[in-house]
Amino acid sequence: MGFDTLNEPIPEEPVDPNADLSSVLPLTAEIRDGRLWIGGVDMVELAREAGTALYVMDEDQIRHQLREFRKWTTYHWKDVETVYAAKAFTCKEMCRVVHDEGCMILCASGGELAIALAAGVPASRVQCHGNNKTPAEIREAVEARVDRIVADSLLELERISSAAVEAGVKQPVLLRITPGIKPDTHGYIQTGQEDSKFGFGLNHGLAMEAAKRACELPGIDFAGLHMHIGSQIFALQSYTKAIEVMVEFMAEVQRETDCPVRDLDVGGGIGIKYGLADEPSTIEDFGKIVVDGIKHECERHGLAVPRILIEPGRAVVANAGVTLYTVGTMKDVPGIRTYVAIDGGMTDNIRPALYGARYECLVANKADQPRTQVVTIAGKHCETGDLIAKDVPIQDVETGDILAVCATGAYCRSMASNYNQQVRPGVVFVRDGEWRFVVRRETYDDLMRCDVG
Ligand code: LLP
């Protein structure tokens, strides 16, 4: 099931109450004594000790995913870098884990860069992108000496060059190209089509003009090309098509400029399993399609195979995470539906309201019981659209139960807000029977920290 079907009415067919949720839960998830355990930690006990709402992430799974990306890409070509897209979820400890696993970090803002550097990640293992980096963000990236800046416009090229000249360096730069491919995903997260705020289009010679300019500018070391066609993509053919276009353009650049294209970055976007019906591709298939695709196209055009970069975000963290909530009020609207309200909502997970995204849920303290009821999980905020899951199967749920929402490791904490002055939940990493906060829960004082006077 792709994203564009997420807003459709739920099919009437009965859901199997005994369906196994392990494919949307972290790898270390298990049921012990009727309760959900992750990373050897009892989620019910954790909710009691650490409080709810709470993001829980399985550190082993995060490490496993990063290793899988490295393994299945370098299997096909030695020179591949996995560059984790920090926007999916970041904090200092996450950056340390990514660096420790031999991966680089992709930052989409000065804030993400500041966190990566504060975590102790060397700037040489960091890349920066974004469609409108401010002059200050450009300066920060250049002065830190990041590995690559991905330039999105001619104005940015000029600004990067000036900042680099001022710093007395030549900044390695990739050009973001929109290859004109529309992947099969939600319109809000398609980014590779021609009508896009991102990057240089191939039509009308815009991308070639940028490549020539990048070769001329004194502060720019033109290192290669970048694309990112979208997110939550299931059909890998979209990558194959985009790679054909990109390598063709690479060949043109080699012909028309003196600058060798040393890097080809294919972005992120590999989809994950949110619902039991979702069938994303495997990391193994992604590695093969991308790396073999680039090798094949380079051979066809008689080009040397460049360093290849991939930028997964969601696929590294989404299924490593669950959000724990405590069930509060319940409201039965006769003949319509039952609302089950929790101590969080759109402030910690905006994705159902924003994209119609669907999540699987279970009661952590009744994890061995069948999901025989269908309810709607509502947040505590002042919006009718503040729903976390509409008409989902769940165990016989009661006030005080601990609800676990699956696959919330990506784009939930990172898109969280303080609407209604809700404090944002903390993030706990679990591993080998131990848990620790890597981001603490906010306090009321945090809410007033920026107030002046
Ligand atoms: N590289 C670039 C240049 C990107 O813009 C993105 C995501 C990624 C890599 C990582 O993509 P991933 O592997 O995570 O799909 N808020 C939306 C997702 C927006 C993605 C934006 N760019 C959501 O919650 O679905």
Side-chain angles (χ1 to χ4, degrees), residues 2-4 6-7 62 65-66 68-69 73 81-90 94 98 103-109 112 126-133 148-152 174-179 183-193 196-200 225-236 238-239 242 246 263-275 278 280-281 283 286-287 290 309-321 346 348-359 388 407-417:
F3 247 60
D4 37 358
L6 283 169
N7 284 316
I62 295 173
Q65 296 301 96
L66 292 166
E68 285 283 289
F69 276 109
T73 50
E81 287 282 2
T82 296
V83 192
Y84 169 68
K87 70 191 76 182
F89 166 69
T90 195
M94 180 65 197
V98 172
C103 299
M104 298 178 78
I105 298 184
L106 178 66
C107 298
S109 69
E112 288 183 0
V126 174
Q127 306 199 337
C128 293
H129 83 109
N131 72 302
N132 183 28
K133 303 165 203 72
R148 300 283 184 265
I149 297 180
V150 183
D152 236 79
L174 304 183
L175 294 181
R176 178 156 179 174
I177 308 295
T178 41
D184 171 26
T185 188
H186 194 293
Y188 287 6
I189 48 179
Q190 288 173 345
T191 46
Q193 71 278 20
S196 162
K197 71 171 180 171
F198 300 103
F200 299 95
L225 305 175
H226 173 283
M227 71 175 203
H228 172 72
I229 54 177
S231 203
Q232 185 60 359
I233 298 168
F234 285 7
L236 295 176
S238 308
Y239 289 96
M246 292 294 286
D263 286 1
L264 181 56
D265 187 330
V266 298
I270 180 172
I272 67 107
K273 195 170 174 97
Y274 283 107
D278 289 345
S281 50
I283 297 176
F286 174 81
V290 164
L309 301 116
I310 58 162
E311 299 174 343
R314 187 190 318 263
V316 175
V317 282
N319 290 108
M346 65 192 297
D348 58 72
N349 186 354
I350 190 70
R351 300 191 69 262
L354 200 53
Y355 313 115
R358 294 221 195 114
Y359 289 88
I388 290 295
T408 55
Y411 301 112
C412 287
R413 165 71 207 188
S414 64
M415 294 173 81
S417 77

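Whatever order the structure lists them in is the order used to number ligands and atoms, beginning at 1. For reference, positions follow the sequence shown, starting with 1.
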Inset, instruction - Would you check if the distance from the ring center of Y239 to the ring center of F286 is below 6.0 Å? - result: yes

Inset, instruction - Indicate the atoms forming the closest heavy-atom contact of L264 with M246, along with that distance. - result: CD1-CE, 4.0 Å

Legend entry - Atoms in ligand 1 with a heavy atom of M415 nearer than 4.0 Å: 16 (N), 24 (O)

Legend entry - Any N/O pair H129/ligand 1 closer than 3.5 Å: no

Legend entry - Atoms in ligand 1 with a heavy atom of G313 nearer than 4.0 Å: 12 (P), 13 (O), 14 (O)

Legend entry - N/O separation below 3.5 Å, E311 to ligand 1: yes

Inset, instruction - Step by step, work out the side-chain contact (heavy atoms from CB on, under 4.5 Å) result for H228 and F198. - result: CA-CA 9 Å; H228 172 72; F198 300 103; over 6 Å; no

Inset, instruction - Could you tell me whether ligand 1 has any atom less than 4.0 Å away from a heavy atom of Y355? - result: yes

Inset, instruction - Please say which of Q127, E311, H129 ends up in a side chain to side chain donor-acceptor pair (under 3.5 Å) with H226. - result: E311

Inset, instruction - Check each atom of ligand 1 against the heavy atoms of R176 and keep those under 4.0 Å away; list them by number with element. - result: 3 (C)

Inset, instruction - Give yes if a backbone or side-chain nitrogen or oxygen of H226 is under 3.5 Å from a nitrogen or oxygen of ligand 1, and no if not. - result: no

Legend entry - Those atoms of ligand 1 less than 4.0 Å from some heavy atom in R314: 12 (P), 13 (O), 14 (O), 18 (C), 23 (C), 25 (O)

Inset, instruction - Show which atoms of ligand 1 fall inside a sub-4.0 Å distance from at least one heavy-atom site of A85. - result: 8 (C), 9 (C), 10 (C)

Inset, instruction - Might you point out which heavy atoms bring A407 and Y359 nearest each other, and give the distance in Å? - result: O-CE2, 3.5 Å

Inset, instruction - Look up atom CZ in R413 and atom OG1 in T408, then write down how far apart they are to the nearest 0.5 Å. - result: 12.5 Å

Legend entry - With sequence neighbours excluded, residues passing ring pair (Phe, Tyr, Trp, His ring centres under 6.0 Å) with Y411: none

Inset, instruction - Consider every N or O of G269 and every N or O of ligand 1, then say whether any pair is closer than 3.5 Å. - result: yes

Inset, instruction - Using distance alone, decide if ligand 1 has a nitrogen or oxygen within less than 3.5 Å of any nitrogen or oxygen in P312. - result: no

